[in-house]
Number of protein chains: 2
Amino acid sequence: MTKYQRIYQELLDKIKTKEYKTGDYLPSENELMKTYGSSRDTIRKALQLLLQNGYIQKVVGKGSVVLDSERIAFPVSGISSFKELKESMDGTIETIVEEFTVVPADDKLKDELHMDDGNVYIIERVRSINGEKIILDKDYLNGNIIQGLTKQHAQDSIYEYIENELNLNISFSRKEITVIPATKHDKEVLDMLDYDLLVCVKSYSYLEDATLFEYTISKHRPDKFRFVDFARRSQ
Amino acid sequence: MTKYQRIYQELLDKIKTKEYKTGDYLPSENELMKTYGSSRDTIRKALQLLLQNGYIQKVVGKGSVVLDSERIAFPVSGISSFKELKESMDGTIETIVEEFTVVPADDKLKDELHMDDGNVYIIERVRSINGEKIILDKDYLNGNIIQGLTKQHAQDSIYEYIENELNLNISFSRKEITVIPATKHDKEVLDMLDYDLLVCVKSYSYLEDATLFEYTISKHRPDKFRFVDFARRSQ
DNA sequence: GAGTGGTCTAGACCACCGC
DNA sequence: CGGTGGTCTAGACCACTCA
C-alpha cells in the first residue's frame with residue numbers, strides 16, 4: 001500500500017462513515033499536506049482517486065466537495081466478480097456449476113482469446129438469487145495463462161483464485177451490454193417466467209501486462225438486471 | 001488547451017492514424033520529455049488520460065503499450081449527447097420533439113433535481129434511425145440553471161446550447177440501466193414491433209461545480225440498444 | 001546494468017473564488 | 001486580498017524487465 005493509496009482509503013472511510021457528509025468540503029490540499037505530512041502531489045494523487053471513483057468533485061477556488069455516493073451504490077459498475085457483487089447485496093445467493101471442461105482452442109476461441117494454441121477452460125454457471133435462477137454466466141479462460149483451475153474454484157470465485165493463488169493482477173476490462181432473445185438452453189436452465197429476452201453482458205478481461213485472459217458472456221433475466229455507471233466527460 | 005492536453009491529443013492522433021499500432025510501445029516517458037520539451041510530470045498527465053480512456057496500458061519495466069481501441073468504438077460509454085452519438089453512426093437520424101413545456105417544479109421534480117423552487121423544462125423527444133422510431137428521451141432541466149432554452153434547441157442539441165451558448169461546463173453524470181415494460185404511450189410513439197420491453201437509461205448530469213442541472217429517462221427498443229464500457233479495476 | 005514506469009518531494013506561477 | 005485548486009518544473013529513489 002503506497003502513501004497516496006493509504007490517504008485515499010482514510011479519506012474514503014471518512015466519507016463512508018459520514019464524517020465528511022454530502023455537500024461538505026474536504027480539508028484543502030494545503031491542510032491535508034500538513035495532516036498527512038506529505039507533499040501536495042501525493043495528496044493530489046489521493047484526491048484524484050476519489051474524483052475518478054465519483055466520491056468528490058473539485059471546484060476551483062473553493063475546494064473538494066463530497067458527492068452523494070449513496071446514489072451510486074455501484075452494483076455492476078467497474079470490474080467486479082460475482083462474489084464481490086453478492087457481498088453488497090441482500091438475499092440468498094447460490095452458484096451452480098453447469099459445465100466445467102477443458103478443450104483445445106478451436107479457431108473461434110483462438111480468435112476471441114487472442115491465443116495461438118493451447119487449452120481453454122469453458123465454464124457455465126447459473127446464479128440464483130433467493131431461489132430464482134436469473135443469471136447464466138459462460139466463461140472462456142486462456143489455459144496458457146490460467147492454470148490449475150478446478151471445479152471447486154468455479155464454485156467459489158475464479159477471480160479470487162487468479163488474484164490470490166496465481167498472484168496475477170486483473171487490471172481492466174471491456175464490456176458490451178445488449179439485449180438478445182433467450183435460447184432454448186437458456187430457458188431450460190434459468191427461471192425465465194414469461195420473458196423471451198435476456199440482457200447480455202459480453203466482457204473481455206485483461207491482466208496488468210495487457211494480456212487477455214478471459215472472455216465472458218453473462219445473461220441476465222431482464223427484470224433483475226441493473227447497471228450503474230459513473231462517468232466523467234472526456235478531457 | 002493546456003500543455004498536457006495538447007500532448008494527449010497529439011499522441012491520440014498518432015494512435016488513431018495507426019502511426020502507433022495496437023501492440024506497439026509508445027516512446028518512453030524520457031523520450032517524450034525530450035520530444036515535447038516538458039517535464040516528466042506533464043508527460044505522465046498526458047499518458048494518464050490515454051490510460052483512463054482505454055487507449056494504452058502501462059507495463060512497469062517495459063513501457064506504454066497501445067491497446068486495440070477499435071474494439072471499444074465507444075457508442076454510449078461516458079457522457080455523450082445524442083448529437084455526438086449520431087456523428088459516429090451510420091444511417092439517417094431524425095429527432096421529433098413531442099413535448100416542450102415549462103412548468104413550476106412540483107414536489108417530485110424538486111426532489112429529483114435538488115431544487116427549492118423555480119421552473120423545470122420538460123422535453124420529450126423521439127429519435128428515429130433509418131425511419132424507425134426506436135428511442136424515446138424525456139428530459140427534465142433545472143430552469144434556474146438552464147435559461148432561454150427553446151424548442152429549436154431541443155430539435156438541435158441541448159448540450160451544444162448549454163456548453164457553447166451558456167458557457168457552462170458539463171462535468172460528470174450518473175447512469176442507471178434497467179429493463180422495463182413499455183407503457184401504452186411508449187407503444188404509441190415508438191415503432192415497437194412485437195416488443196413489450198424497453199431498455200431504460202436514467203441519467204443525472206452535473207456541471208463543473210457539482211450542481212445537478214438535468215435528469216433524463218431514455219428508453220430504447222431492446223434490439224437496437226448497445227452500451228460499451230471500459231473499466232479499470234479500482235485501486 | 002541500463003532502461004522502464006511508480007512514487008515522493010519542494011517549489012513556482014496561474015486563474016478563480018469569496019470576502 | 002488570501003485561499004483554493006490547476007499546471008508545470010526538476011530532482012530523487014525504488015522495483016521491475018530484459019538482454
Side-chain angles (χ1 to χ4, degrees), chain A residues 1-11 20 23-52 55-67 167-169 171-172 206-211 232-235, chain B residues 1-11 20 23-52 55-67 167-169 171-172 206-211 232-235:
Chain A
M1 187 88 102
T2 62
K3 200 165 181 177
Y4 77 86
Q5 285 172 330
R6 217 197 66 232
I7 298 172
Y8 166 69
Q9 281 300 338
E10 288 196 26
L11 291 173
Y20 300 132
D24 284 358
Y25 282 89
L26 295 186
S28 73
E29 297 183 352
N30 244 307
E31 289 176 82
L32 291 171
M33 282 168 68
K34 290 171 203 156
T35 308
Y36 292 101
S38 67
S39 71
R40 190 164 165 223
D41 192 57
T42 303
I43 296 297
R44 284 177 64 78
K45 273 189 196 155
L47 294 180
Q48 183 64 25
L49 284 180
L50 291 172
L51 189 78
Q52 275 173 21
Y55 293 108
I56 63 168
Q57 173 73 356
K58 291 179 141 203
V59 187
V60 278
K62 300 179 80 173
S64 300
V65 59
V66 178
L67 299 179
N167 285 312
L168 298 172
N169 286 316
S171 179
F172 62 96
Y206 296 78
L207 298 176
E208 229 171 14
D209 63 355
T211 55
R232 293 197 170 270
R233 196 148 168 85
S234 56
Q235 292 159 50
Chain B
M1 188 87 104
T2 61
K3 199 165 181 177
Y4 77 86
Q5 286 172 330
R6 216 197 66 232
I7 299 172
Y8 166 70
Q9 280 301 338
E10 287 196 26
L11 291 173
Y20 300 132
D24 284 358
Y25 282 89
L26 295 186
S28 72
E29 296 182 353
N30 244 307
E31 289 176 82
L32 291 172
M33 281 168 67
K34 290 173 203 155
T35 307
Y36 291 101
S38 67
S39 71
R40 191 165 164 221
D41 193 56
T42 302
I43 296 297
R44 285 177 63 77
K45 273 189 196 154
L47 295 180
Q48 183 64 24
L49 284 181
L50 291 172
L51 189 79
Q52 275 173 20
Y55 294 107
I56 63 168
Q57 173 71 357
K58 291 179 140 202
V59 187
V60 277
K62 298 179 81 173
S64 300
V65 59
V66 178
L67 299 179
N167 284 312
L168 297 172
N169 287 315
S171 179
F172 62 96
Y206 296 78
L207 298 176
E208 230 172 12
D209 64 355
T211 55
R232 294 197 170 270
R233 196 149 167 85
S234 56
Q235 292 157 50

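Every chain is numbered from 1, with letters handed out A, B, ... down the list of sequences.
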Any side-chain heavy-atom pair of B/L47 and B/L32 under 4.5 Å: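 Result yes, sub-4.5 Å side-chain heavy-atom pair found.
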Side-chain contact test, heavy atoms from C-beta onward, threshold under 4.5 Å: evaluate it for A/L51 versus A/R232 and give yes or no.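 A/L51 reaches A/R232 side chain to side chain.
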Please enumerate all residues that pass salt bridge (charged side-chain N to carboxylate O under 4.0 Å, His left out) together with A/E10, with sequence neighbours excluded.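 Once residues adjacent in sequence are excluded, the partners of A/E10 under the salt bridge (charged side-chain N to carboxylate O under 4.0 Å, His left out) criterion are A/R6.
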Rounded to whole Å, how long is the line connecting atom [atom1] of [X] with atom [atom2] of [N]?
| X | N | atom1 | atom2 | value |
| --- | --- | --- | --- | --- |
| B/L47 | C/dG6 | CG | P | 9 Å |
| B/R44 | C/dT4 | CZ | P | 13 Å |
| B/K58 | C/dG6 | NZ | C1' | 8 Å |
| B/Y36 | D/dC8 | OH | P | 14 Å |
| B/Q57 | C/dG6 | CD | C1' | 13 Å |
| B/N169 | C/dA15 | CG | P | 17 Å |
| B/I7 | D/dT7 | CD1 | C1' | 12 Å |
| B/L49 | D/dG6 | CG | C1' | 13 Å |

Taking atom types as modelled and ignoring hydrogens, do the side chains of B/D209 and B/T211 form a donor-acceptor contact shorter than 3.5 angstrom? yes
Quick one: do the B/S39 and B/D41 side chains pair a donor with an acceptor below 3.5 Å?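 Not at all, the side chains of B/S39 and B/D41 share no donor-acceptor pair under 3.5 Å.
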Does a side-chain N or O from A/K62 land closer than 4.0 Å to OP1 or OP2 of D/dG3, or not? no
Taking only side-chain nitrogens and oxygens of B/Y4, does any of them come within less than 4.0 Å of OP1 or OP2 of D/dT7?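 True: B/Y4 side-chain N/O within range (under 4.0 Å) of D/dT7 OP1/OP2.
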Nearest 0.5 Å please: distance from the CZ atom of B/F172 over to the CD atom of A/Q57.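 The CZ atom of B/F172 sits 4.5 Å away from the CD atom of A/Q57.
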Which residues within residues 25-34 of chain A lie with some heavy atom under 4.0 Å of an atom in DNA chain C?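 The answer is none.
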If you look at every heavy atom in [X] and [Y], which pair is closest and at what distance?
| X | Y | answer |
| --- | --- | --- |
| A/A46 | A/I7 | CB-CG2, 3.7 Å |
| B/L11 | B/Y20 | CD2-CE1, 4.1 Å |
| B/K3 | B/G37 | NZ-O, 3.3 Å |

Scoring nucleotides 9-15 of chain D by protein non-hydrogen atoms under 4.0 Å (B base, S sugar-phosphate only, - none) yields B--B---
